2 protein chains.
Amino acid sequence: MTISHRQFRRGTVVRAEHGPLGDIMVVTDGWLFSSALLEDGRRQIMRLHFRGDLVGLDGLAYDRAPDTISALTDAQVCLIDRVALGRMFIDHPRLCAFLFAIQQIDRVVLAERLISLGRSSAKGRVAALLMWIANRMQFANIAIDGGFVLPVTQEEIGDLSGLTAVHVNRTMRALADQGLIARSGTTLRILDMERLAHLANYSERRPVLDPVWLPLAD
Amino acid sequence: MTISHRQFRRGTVVRAEHGPLGDIMVVTDGWLFSSALLEDGRRQIMRLHFRGDLVGLDGLAYDRAPDTISALTDAQVCLIDRVALGRMFIDHPRLCAFLFAIQQIDRVVLAERLISLGRSSAKGRVAALLMWIANRMQFANIAIDGGFVLPVTQEEIGDLSGLTAVHVNRTMRALADQGLIARSGTTLRILDMERLAHLANYSERRPVLDPVWLPLAD
DNA sequence: CGGAGCTTTGACCGGCGTCAATGAGAGTGG
DNA sequence: CCACTCTCATTGACGCCGGTCAAAGCTCCG
């Protein structure tokens, strides 16, 4: 399998909704996101894709892209050959089972976001979003305690959380006034993770990626 | 693989959040749903599980149940042995790839619901929900044109769409007043599928479950 | 006949959207 | 070094959609 990379500039469309599928990719640097446009021009961002995330798998079940994938920051991806992936299903069942389990985690994360959009106030939604991002950064071994750069505009936070940019601004100001977060420029610092998690209705999940249910192969 | 079935009465909990995982199942009759409770007592229903749906797969990646699964109607499921599923990954890679593709569809459906909760008005949310259910029933070869029984209370519609039961009532009344649907008892009839789809921001997706990307095995 | 569960309706209110204006940087060219 | 512009953040005024509270109907069932 030859490995090829591609670069995308911030704001670039990687794959457009209803268009051709494009490749399956792994994010090797930067952030991508999947979004959909409504006909009145509003946008909803469904997922953020961080370094290491597998992107574009929905191409395995559709013939047109079900959503738009764009680069949130300058980003680099590594292309994955579809047929090579297919071969993996045959040659490496354990790896395939591992992928399958990862899909479940992805789905649970989506479900959590659904809960947040369906049942939380603006504060709760933004808090949940920040917790989600903070967790992913910690997972990527990026220290958070001293603050971190949020490469996301307030408009994008709105599109992620189902709010307007204006109200995101007011909400983040409220969170800061309450001493939960501190902002300076694009740097954000979480001051009270516990209360923020509570606001977000956040509950710790423990993924277990060891497929004990899979018989030893070979 | 021995096949065992279980019955659940309407309202029964099949598997409780944070509790043990329980089995992987296929719904053979009735409807199930996955939901989460917030600490203020509100509830969000993430998914409906119809006949033929594979349920409980998240057990492959967690050691505690990430959400609650309950019976929406009296229901019957067929239990699937975890290890037998594991063996399938090794013995039947094409079937495994098929499952993988189905997971993608599931995720796209979740993403559509996320869009709806994030960016639609009450009318749009309820319309999207009705479109979703109607489609699943058509997919199961149940005729819809003459109306069909909706085994869902308005409170449950609220928990599905992120609204209160009271507002669901007003919203459905409005949809009926506009001539989009007709209701009598638990029977619902879609009078103007086109306008309803438009309200719901519904767009037809064409799943392609033929894994052409998978090399021929064996 | 009585109760339980669900639906329906009204009155009122608050959170969030909308519209509009201003401020604050960052980059660019003169 | 200074206009100029473009993007993004911020703030205020105001209105509406959907939540809240409360009270009645309706249907089914024992």
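Here is the naming used below: chain letters follow the sequence lines, and residue numbers restart at 1 for every chain. The structure displayed is predicted, hence computed values, not measured ones.
- Spacing between atom CG of A:Asp159 and atom C1' of C:dG17 amounts to 14 Å, rounded to whole angstrom units.
- Put simply, CD1 on B:Ile157 is 12 Å from C1' on C:dC6, counting in whole angstrom units.
- For A:Leu163, whose side chain is taken as the heavy atoms from C-beta onward, the closest listed nucleotide among D:dG18, D:dC8, C:dC16 is C:dC16.
- Between the CG atom of B:Leu150 and the C1' atom of C:dT7 there is a distance of 14 Å, given to the nearest Å.
- Protein atom CG of B:Asp177 is 13 Å distant from nucleotide atom C1' of C:dT9, rounded to whole Å.
- A:Arg125 comes within 4.0 angstrom of no nucleic acid atom, judged by non-hydrogen atoms across all strands.
- Here the closest non-hydrogen pair linking A:Leu160 and A:Leu117 is O-CD2, 4.1 Å.
- In the helix from C:dC1-D:dG30 to C:dG30-D:dC1, the end axes, each obtained as the rotation axis mapping the C1' atoms of four pairs onto the next four within a five-pair block, lie 30° apart to the nearest 10 degrees.
- Counting to the nearest Å, the P atom of D:dT7 and the CD atom of A:Glu156 are 13 Å from each other.
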Polar pairs (N or O, both sides) under 3.5 Å between protein and nucleotides 18-22 of chain C?
residue	atom	partner	partner atom	Å
C:dT18	O4	A:Arg170	NH2	2.7

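- Distance A:Glu155 CD to D:dT7 P: 12 Å, rounded to the nearest Å.
- Look at CE on A:Met172: it is 15 Å from P on D:dC8, rounded to the nearest Å.
- Protein atom CZ of B:Arg173 is 22 Å distant from nucleotide atom P of C:dC6, rounded to whole Å.
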